[in-house]
Amino acid sequence: MAVNKVKEIAVSTADGNQRENLRKLAATAMSSKLIHRNSEFFTKMVVDAVLSLDQDDLNDKLIGIKKITGGSLQDSLFVNGVASRRPSRTLDLSNNPKYFKNPKIVCLNVELELKSEKDNARILKISTEYGAATGAQTQSTCSNILPQNLGTCDAFEERQIGSERFNFFEGCPEAKTCTLVLRGGAEQFIAEVERSLHDAIMIVKRAIKNTSIVAGGGACEMELSAYLHNFADKKVPTKQQAIIKAFAKALEVIPRQLCDNAGFDSTDILNRLRVEHKDGHVWAGVDVQQEGVRDNLQAFVWDQLWSRSMLYKLLQKQAVLSFQSTKQSKIKSQTFNKELQEVYHLELHKEL
């Protein structure tokens with residue numbers, strides 16, 4: 001019953017400005033993070049990263065992240081393609097051009113005669129990655145290279161970032177991938193930025209895959225609670241009414257816990273939420289920013305329909321298991337008491 005109701009009130013995000021909706025959704029995910037002051041900057045980066053992937057697959061592992069200490073958060077970059085550190089012991093090409101538009105790229109598997117075996121392996125690995133992304137086929141010789149063996153991209157650039165040099169291959173035709181170059185003052189802070197961006201990326205990814213959403217912040221639970229209370233009062237005259245009402249009451253634990261976690265008066269806010277939902281405000285939920293009640297759908301506090309449906313199914317199964325466990329414990333207790341009484345009467349009979 002609860003699952004059917006939540007499916008009925010769910011809203012589709014397929015209509016409207018997808019990019020703007022995703023940015024606001026990512027901003028909500030960042031509101032409690034250290035980067036919330038720079039959320040406008042990072043939400044664009046997150047949405048661009050997810051939309052650059054293959055939309056049928058949305059493999060977030062294809063979003064590469066490079067962390068470079070130094071600079072400010074605003075110095076972070078989004079690269080629509082492959083980016084990698086330039087090996088420090090390659091040939092000196094300081095006088096060569098650093099930017100090429102629509103270049104032809106050859107991927108060579110040849111001995112580079114560097115002193116370090118580690119450098120050789122690293123350069124070969126990087127060259128293989130570039131070749132796969134640009135469509136270049138690996139060649140074992142520099143002679144007889146055919147045009148169909150060459151790769152290409154929209155632009156190549158070698159750029160200095162902090163104390164390191166990077167090669168950027170942007171607009172690679174054979175790979176739906178991107179790279180986020182993160183800057184910051186300390187490694188620990190950049191690591192926290194990475195975790196925050198990962199959370200936002202996963203939320204945006206889910207929003208693209210599942211366009212049916214409901215409002216969070218306890219709004220969905222309060223609406224279901226009001227619906228179940230009303231259904232039990234009008235259509236369930238038997239003892240089952242108590243079971244439905246108990247489940248409805250249990251749903252209010254979620255908004256109550258949100259209030260307790262934020263240090264609010266949970267009794268006052270829950271009473272206000274009950275009034276709001278009785279008046280037909282379906283998406284009224286807890287406002288943790290202003291200590292009150294608001295329309296959480298308009299505030300972009302969203303949750304996926306599938307996750308809420310799975311949650312209510314899990315709650316129902318847990319309630320059944322709990323009831324069965326209690327019933328079995330009661331039966332075992334009654335059996336034990338009966339056996340204990342039989343032993344007592346037997347011992348008493350022996351004494352007599």
Side-chain angles (χ1 to χ4, degrees), residues 1-17 20-32 36 39 203 206-207 210-236 240-316 319:
M1 189 186 302
V3 173
N4 291 336
K5 179 61 178 177
V6 77
K7 289 181 179 179
E8 178 185 328
I9 63 177
V11 177
S12 175
T13 60
D15 301 329
N17 189 333
E20 187 63 24
N21 287 342
L22 293 177
R23 286 193 64 177
K24 290 180 178 179
L25 190 57
T28 302
M30 297 179 189
S31 61
S32 61
H36 72 277
S39 60
I203 288 174
R206 288 291 185 187
N210 305 277
T211 57
S212 294
I213 56 96
V214 294
C220 187
E221 287 73 29
M222 290 302 298
E223 178 64 20
L224 289 179
S225 178
Y227 168 74
L228 292 175
H229 274 297
N230 185 59
F231 179 85
D233 289 336
K234 293 183 178 180
K235 299 185 179 180
V236 185
Q240 292 180 348
Q241 184 181 100
I243 299 175
I244 297 175
K245 282 182 169 290
F247 187 84
K249 185 71 175 177
L251 289 172
E252 294 184 358
V253 170
I254 294 178
R256 183 183 298 277
Q257 191 63 50
L258 287 174
C259 295
D260 292 341
N261 291 347
F264 301 158
D265 184 349
S266 58
T267 303
D268 175 61
I269 291 182
L270 256 67
N271 286 333
R272 291 167 60 183
L273 284 173
R274 292 187 188 105
V275 173
E276 290 288 332
H277 284 270
K278 186 177 181 181
D279 293 340
H281 299 137
V282 177
W283 302 123
V286 180
D287 184 354
V288 295
Q289 295 177 331
Q290 302 296 328
E291 190 175 349
V293 175
R294 67 180 176 186
D295 187 329
N296 277 341
L297 190 70
Q298 294 296 326
F300 286 88
V301 181
W302 294 351
D303 201 354
Q304 302 299 326
L305 171 61
W306 71 269
S307 66
R308 274 291 177 255
S309 300
M310 292 299 294
L311 173 63
Y312 300 140
K313 289 178 181 179
L314 180 62
L315 290 176
Q316 183 266 337

So, for [X] and [Y], which heavy atoms are closest and what is the spacing to 0.1 Å?
| X | Y | value |
| --- | --- | --- |
| Ser31 | His36 | O-CB, 3.7 Å |
| Leu270 | Pro255 | CD1-C, 4.0 Å |
| Gln241 | Ala232 | NE2-O, 2.8 Å |
| Val3 | Val6 | O-CG1, 3.1 Å |

Report yes or no: does [X] contribute a side-chain atom to a donor-acceptor pair with the main-chain N or O of [Y] at less than 3.5 Å?
| X | Y | answer |
| --- | --- | --- |
| Ser225 | Ala248 | yes |
| Asp279 | His281 | no |
| Asn210 | Ser212 | no |
| His277 | Ala284 | yes |
| Asn296 | Ala299 | no |
| Asn230 | Ala226 | no |
| Trp302 | Val214 | no |

How many angstroms lie between atom [atom1] of [X] and atom [atom2] of [Y], to the nearest 0.5 angstrom?
| X | Y | atom1 | atom2 | answer |
| --- | --- | --- | --- | --- |
| His229 | Lys249 | NE2 | NZ | 6.5 Å |
| Ile203 | Leu22 | CD1 | CG | 11.5 Å |
| Tyr227 | Ile244 | OH | CD1 | 9.5 Å |
| Tyr312 | Cys220 | OH | SG | 3.5 Å |
| Asn261 | Ser266 | CG | OG | 10.5 Å |
| Glu291 | Asp268 | CD | CG | 8.5 Å |

Any chance you could lay out the side-chain contact (heavy atoms from CB on, under 4.5 Å) test for Ile243 and Phe247, step after step, and finish with the verdict?
CA-CA 6 Å; Ile243 299 175; Phe247 187 84; 5.9 Å; no
Please examine the side chains of [Y] and [X], heavy atoms only from C-beta on, and report whether any two atoms are closer than 4.5 Å.
| X | Y | value |
| --- | --- | --- |
| Leu314 | Met310 | no |
| Gln304 | Ile213 | yes |
| Asp287 | Ile269 | no |
| Val286 | Leu273 | yes |
| Glu252 | Arg274 | yes |

Begin from the C-alpha positions of Glu8 and Asn4 and carry the test side chain to side chain donor-acceptor pair (under 3.5 Å) through to its verdict.
CA-CA 6 Å; Glu8 178 185 328; Asn4 291 336; over 6 Å; no
For the residue pair Asn21 / Arg23, report whether a side-chain donor-acceptor contact shorter than 3.5 Å exists.
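Side-chain D/A pair, Arg23 to Asn21: absent.
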Chi angles and distances behind the side-chain contact (heavy atoms from CB on, under 4.5 Å) call for Ile9, Trp283
CA-CA 9 Å; Ile9 63 177; Trp283 302 123; 3.8 Å; yes
Under the salt bridge (charged side-chain N to carboxylate O under 4.0 Å, His left out) test, residues paired with Lys278 that sit two or more places apart:
none
If the condition is salt bridge (charged side-chain N to carboxylate O under 4.0 Å, His left out), which residues does Asp233 pass it with, not counting sequence neighbours?
Lys245
Does Lys24 make a cation-pi contact with Phe300 (under 6.0 Å, within 45 degrees of the axis)?
no
Out of Arg308, Lys5, Arg256, which residue meets the salt bridge (charged side-chain N to carboxylate O under 4.0 Å, His left out) rule with Glu221?
Arg308
Does the side-chain contact (heavy atoms from CB on, under 4.5 Å) test come out yes or no for Leu251 and Leu228, once each step is laid out?
CA-CA 10 Å; Leu251 289 172; Leu228 292 175; 4.0 Å; yes
